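What follows is a set of notes on a single structure, which appears directly below.
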Amino acid sequence: MSKYPFTSIEKKWQDYWEREKTFKAVEDPSVPKEKRRYVLDMFPYPSSQGLHVGHPEGYTATDIYCRYLRMNGFSVLHPMGFDAFGLPAENYAIKTGTHPRISTEGNIDKFRAQIKALGFSYDWDREVSTHTDDYYKWTQWIFLQLFKKGLAYEAATPINWCPSCKTGLANEEVKDGCCERCGEPVTRKNIRQWILKITEYAERLLQDLDLLDWPEPIKLMQRNWIGRSEGANVTFALENHEDSLMVFTTRPDTLFGATYMVLAPEHHLVKKITTAEHRQAVEDYIEQANRKSDLERTDLAKEKTGVFTGACAINPVNGKKIPIWISDYILISYGTGAIMAVPAHDERDFEFAKKFDLPIIQVVSEDGSLHDMKEASAGDGIAVNSGEFDGLPTKEFKKRIIAWLSERGLGEATVNYKLRDWIFSRQRYWGEPIPIVHCPVCGIVPVPEKDLPLRLPEVESYTPTGTGESPLAGIEEWVNTTCPVCGGPAKRETNTMPQWAGSCWYYLRFLDPKNDGIFVSQERLAYWMPVDLYVGGAEHAVLHLLYARFWHKVLYDLGHVNTPEPFLKLVNQGMILGEGGVKMSKSLGNVINPDEIIQAYGADSMRMYEMFMGPLEVSKPWSTRGLVGVHRFLDRIWRIALRPLSEENPSEDLVKLLHKTVKKVTHDTAGLEFNTAIAQMMIFINELYKTETNYRDMWETFTLLLSPYAPHLGEELWEKLEKKPSVSRQSWPAWDEELTRESEVTVVLQINGKTRAKEDLPAGISEKRMKEIALSNGRIRELLAGKKVIKIITVPGKLVNLVAK
RNA sequence: GCGAGAGUGGUGAAAUUGGCAGACACGCCAGACUUAGGAUCUGGUGCCUUACGGCGUAAGGGUUCAAGUCCCUUCUCUCGCACCA
């Protein structure tokens, strides 16, 4: 028995690729635009645990695809780098005193080695890490462009605060009211923040999703996250007050059904309008709401709470006086922070009205008649109890009432978004310093671009102060600086950027990673952009992918990039679960270590198995047994390769199988359907194996097909064929369509849709002849005895169905 | 609760337009061979039935000559959102 020597083969070819720079991407102007592809993986955060088996899944998929493209004459950009700022390294630093740079770079070295051990065809000359100053110089530069465009501003706002990490979090970093990183419940804290005006791009971020070839569920998630909603702002006069109260509603047609108003506890009018009689109760309620964590406040299961302010508003459509309440089911951050409550047609308002015994007036009816409102009905219908508007269908009513309100200066059509501005600062050390100086004379002053990068200073302690300031605040000599404008004493911004910053634009830096004059040159942009295929986990559906799109659009508006969208096609690889279908986790002890797999079975087996498991996009459980099966397949290939090469002609059947295999592997590889491509290669190998010989031409073709999947073995087989490396530079094989056709087809003979017999018939046989054969088939005649054939359906080359009675 | 996706052998999964359900692989069974290292080779393997045959793609209904595929209802699982007015 020959044991397939994968360890030495893999080492040999990895060394060769590295030495020869086989996969260097070059900007060759003679390659036409349509023959260039930019294929990108989501770069990893180099955690201390090393590579996870989930990483190689997406990376293998893009690698196979890139190798396939190169063999088809494409110029391919396929880079890799590291998302190197982030909390884990800093938390580790707090615990051990190790500088985050030291631990991060150690992890990067480990990751790089692990990734290289899988034989991916990256152009390593383009590697970037977001934490190096020649990289974050440009992250800072982009921030300054946002600032200068008025898209970055400072505000003291209540933010999500993780008491454990002692830092503010973006909405997207809060999962079920808890910190996504550490799991502690998130509280609210009012601190000074840097905020990016992503809301200014809400409409375009929404609209341009239509330009993208992304999975529909991901687009939908982004649409929901942006949460566009059309309605109207309506102004209500207040009784005994100068001020008026503006509310947002998507159902201005239900104005006649508004029986009370509700303000968020934080609404600025609350203090003004509350009457002396209700002051104490209102203040208590506000105090209570303030203390609640986000989790408590958004808990849907809880009963609605609220108090009456004592004030009343006047309904503009009928002059009716309606009471104003406050309740924490109204969010200050959405719309105007106030609503008109229409309990008959809104579930939440209904619940509230029931609890506090407020009137419920039906103003919409499905059939135009009045009903006893046992529950809220939120659907469209016909207006009732609405004065001159009675009888109007909801849609029409909306238009009419908005016009009515506009004429009187009482309201206007309004669009609201759920999307909030992006809280961009972190009270942390290990991130890009925000390049801003606070001058007592000039105010907020950007650091001049020529002074970038603004380097992270060394600190004694990484522990957050917990006061809402980063550890940077403790370094006097760094914080104290001079104002770039007036030259007077000034202080540096001590907040740093969130981890998303670096990953917002890394795909651009890959184009031109060494350029120290500009973040990316126009020539490189023109050559490669946009990213043709972007592969990564679905967990980034609304985080990274929305932020990156936002930055890209800003850069596009400023003329710095050449496409409105960065990522043309997106594919999410499914998760790899532990054996048994449960999540892989340290606590369950079912984590598979890629290093051990590579050592025992080789990188080619690992790659191929992960592709053979099932479709790329779905989650699937790991099975070491399954991996062994794939390993056996490669071993079998090796044993065929050890046979002496034959110059004889293989059988016609085998030639046909080869051509079918080329066709199927080509089609499936191009469509990222790697599992079925591999199955087809297995079918071919099983047949070839039985011949106990090895036909040279056939073997050459098969080696080419195999090489994107098992690149090390591919190179080795190519060399054994006495060919010059690299196999990755050869042309992808073609197939002869004629040879993929069967000369004989099996035709199914059915009676009333049930298969009763089969006949092998020549391909291309006429339908008439098929019918004749079906009717003369012995078995069929037997079963048809005493029955009458009513109808005969034939599908050419496939079946004859006899409908009989 | 709302939204999206998925449910096929003992297991991972295949199945252009509706046209032989279960390719390929794991596991299992039998046999061969051995140089016993997760060996290798050949054959078998959806379920029920001695057989003929029947039944089978979460459950139920429908459309159709024909349904894993299309339509309706229900159930289960996964993911996302979660008082967004």
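By convention in this document, chain letters (A, B, ...) are assigned in the order of the sequence lines, proteins followed by strands, and residues within each chain are numbered from 1. Just so it is clear, the structure is predicted and the values come from calculations on it, not from any experiment.
- No side-chain heavy atom of A/Leu688 sits under 4.5 Å from any side-chain heavy atom of A/Leu658.
- Taking every side-chain heavy atom of A/Tyr601 into account, B/G38 is the closest of B/G38, B/A85, B/C83.
- Position along RNA chain B of the nearest nucleotide to A/Val795 versus A/Lys690 favours A/Val795 as the more 5'-ward residue.
- One atom, CD of A/Glu673, and another, P of B/A13, lie 15 Å apart when rounded to the nearest Å.
- The base of B/C20 is paired with the side chain of A/Lys758 by a donor and an acceptor separated by under 3.5 Å.
- A close approach under 4.0 Å does occur between a side-chain nitrogen or oxygen of A/Lys754 and OP1 or OP2 of B/C55.
- You'll find that the side chain of A/Gln750 is closest to B/G19, out of B/G19, B/G80, B/C65.
- Applying the 4.0 Å criterion to OP1 and OP2 of B/A39, one finds that A/Arg639 has every side-chain N and O outside that range.
- Across all strands shown, B/C65 forms a Watson-Crick or G-U wobble pair, both distances under 3.5 Å, with B/G19.
- In a base pair of the Watson-Crick type (N1 to N3 plus N6-O4 or O6-N4) or a G-U wobble (N1-O2 and O6-N3), with each distance short of 3.5 Å, B/U11 is matched with B/A25.
- Of the candidates B/G3, B/C65, B/A82, the closest approach to any side-chain atom of A/Asn801 belongs to B/C65.
- Here, B/A59 and B/A6 have their C1' atoms 16 Å apart, quoted to the whole Å.
- Residue A/Tyr334 places its side chain closer to B/A85 than to any other of B/A25, B/A85, B/C20.
- Heavy atoms of A/Ile330 sit under 4.0 angstrom from at least one base atom.
- In this model, a donor atom of one side chain and an acceptor atom of the other lie less than 3.5 Å apart for A/Ser333 and A/Arg420.
- Taking the C1' atoms as reference points, B/G5 lies 26 Å from B/G10, given to the whole Å.
- A/Arg632 has its CZ atom 12 Å from the P atom of B/U42, to the nearest Å.
- The interatomic distance linking A/Glu216 (CD) with B/A6 (C1') rounds to 17 Å, in whole Å.
- For A/Tyr689, taking side-chain heavy atoms from C-beta onward, the closest of the listed nucleotides B/C24, B/C81, B/C41 is B/C41.
- Between A/Asn675 and B/A14, a side-chain N or O to OP1/OP2 separation shorter than 4.0 Å is present.
- Taking the ring centroids of A/His631 and A/Tyr609, they lie at or beyond the 6.0 Å cut-off.
- Computed from coordinates, the A/Leu749 CG to B/A66 P distance equals 17 Å when rounded to whole Å.
- Among the nucleotides B/C81, B/A85, B/U40, the one closest to any side-chain atom of A/Leu331 is B/A85.
- Distance noted for atom P between B/G31 and B/G22: 28 Å (whole Å).
- A/Phe684 and A/Phe702 have their aromatic ring centers within a separation under 6.0 angstrom.
- Distance from the side chain of A/Pro615 is smallest for B/A14 among the nucleotides B/A14, B/C24, B/U17.
- Comment: A/Arg228 engages A/Glu230 in a salt bridge, judged by a side-chain N to carboxylate O separation of less than 4.0 angstrom.
- Remark: A/Arg636 is not in phosphate contact with B/A25, judged by side-chain N or O atoms under 4.0 Å from OP1 or OP2.
- On the C1' atoms, B/A66 is 7 Å away from B/G19, given to the nearest whole Å.
- When the C1' atom is used for both B/G43 and B/U49, the distance is 23 Å, rounded to whole Å.
- Between the OH atom of A/Tyr709 and the C1' atom of B/C24 there is a distance of 14 Å, given to the nearest Å.
- Look at B/C81: its Watson-Crick or wobble partner, with both distances under 3.5 angstrom, is B/G1.
- Rounded to a whole Å, the CG atom of A/Leu802 is 16 Å from the P atom of B/C20.
- For B/C55, the paired base is B/G46 (Watson-Crick or G-U wobble, both distances below 3.5 Å).
- Nearest-nucleotide mapping onto RNA chain B: of A/Ile793 and A/His667, the residue sitting toward the 5' end is A/His667.
- Contact of A/Lys304 with B/C83 (side chain to base): a donor-acceptor pair of N or O atoms is detected under 3.5 Å.
- Contacts of A/Asn416 with the nucleic acid, taken as non-hydrogen atoms under 4.0 Å apart, are absent.
- Neither OP1 nor OP2 of B/A66 sits under 4.0 Å from any side-chain N or O of A/Arg756.
- Taking the C1' atoms as reference points, B/A67 lies 6 Å from B/G18, given to the whole Å.
- Nucleic acid contact class of A/Lys620 (heavy atoms, under 4.0 Å, all strands): sugar-phosphate only.
- Using modelled atom types, one finds a donor on one side chain and an acceptor on the other under 3.5 Å when comparing A/His345 with A/Ser377.
- Taking the syn range as angles within 90° of 0, the glycosidic angle of B/G9 is syn.
- Closest to the side chain of A/Pro217, out of B/C83, B/G12, B/A4, is B/A4.
- Atom name P, nucleotides B/G1 and B/G12: the rounded distance is 29 Å, in whole Å.
- With sequence neighbours excluded, the residues forming a side chain to side chain contact (heavy atoms under 4.5 Å, CB included) with A/Asn801 are A/Gln750, A/Ile793, A/Leu799, listed by chain and number.
- When each of B/G27, B/C65, B/C81 is scored by its nearest atom to the side-chain atoms of A/Arg625, the top-ranked nucleotide is B/G27.
- Regarding A/Asn224, its CG atom lies at a distance of 14 Å from the C1' atom of B/G5, rounded to whole Å.
- Across all strands shown, B/A32 is found opposite B/U40 as a Watson-Crick or G-U wobble partner, with both distances under 3.5 Å.
- A salt bridge links A/Arg223 to A/Glu216: at least one charged side-chain nitrogen sits closer than 4.0 Å to a carboxylate oxygen.
- The CD-P distance, from A/Glu539 to B/A4, rounds to 22 Å in whole Å.
- In this structure, A/Gly335 reaches neither bases nor backbone, as no heavy-atom distance under 4.0 Å exists between it and the strands shown.
- Contact annotation: A/Thr676 does not reach the phosphate of B/A13 (side-chain N/O to OP1 or OP2, under 4.0 Å).
- Nucleotides B/U63 and B/C70 are separated by 8 Å at their C1' atoms, to the nearest Å.
- Across all strands shown, B/A6 pairs with B/U76; the Watson-Crick or G-U wobble distances both stay below 3.5 Å.
- If you check B/C20, B/G3, B/G38 against the side chain of A/Thr624, the one that comes closest is B/G38.
- For A/Phe612 and A/Phe674, the ring centers are positioned 6.0 Å apart or more.
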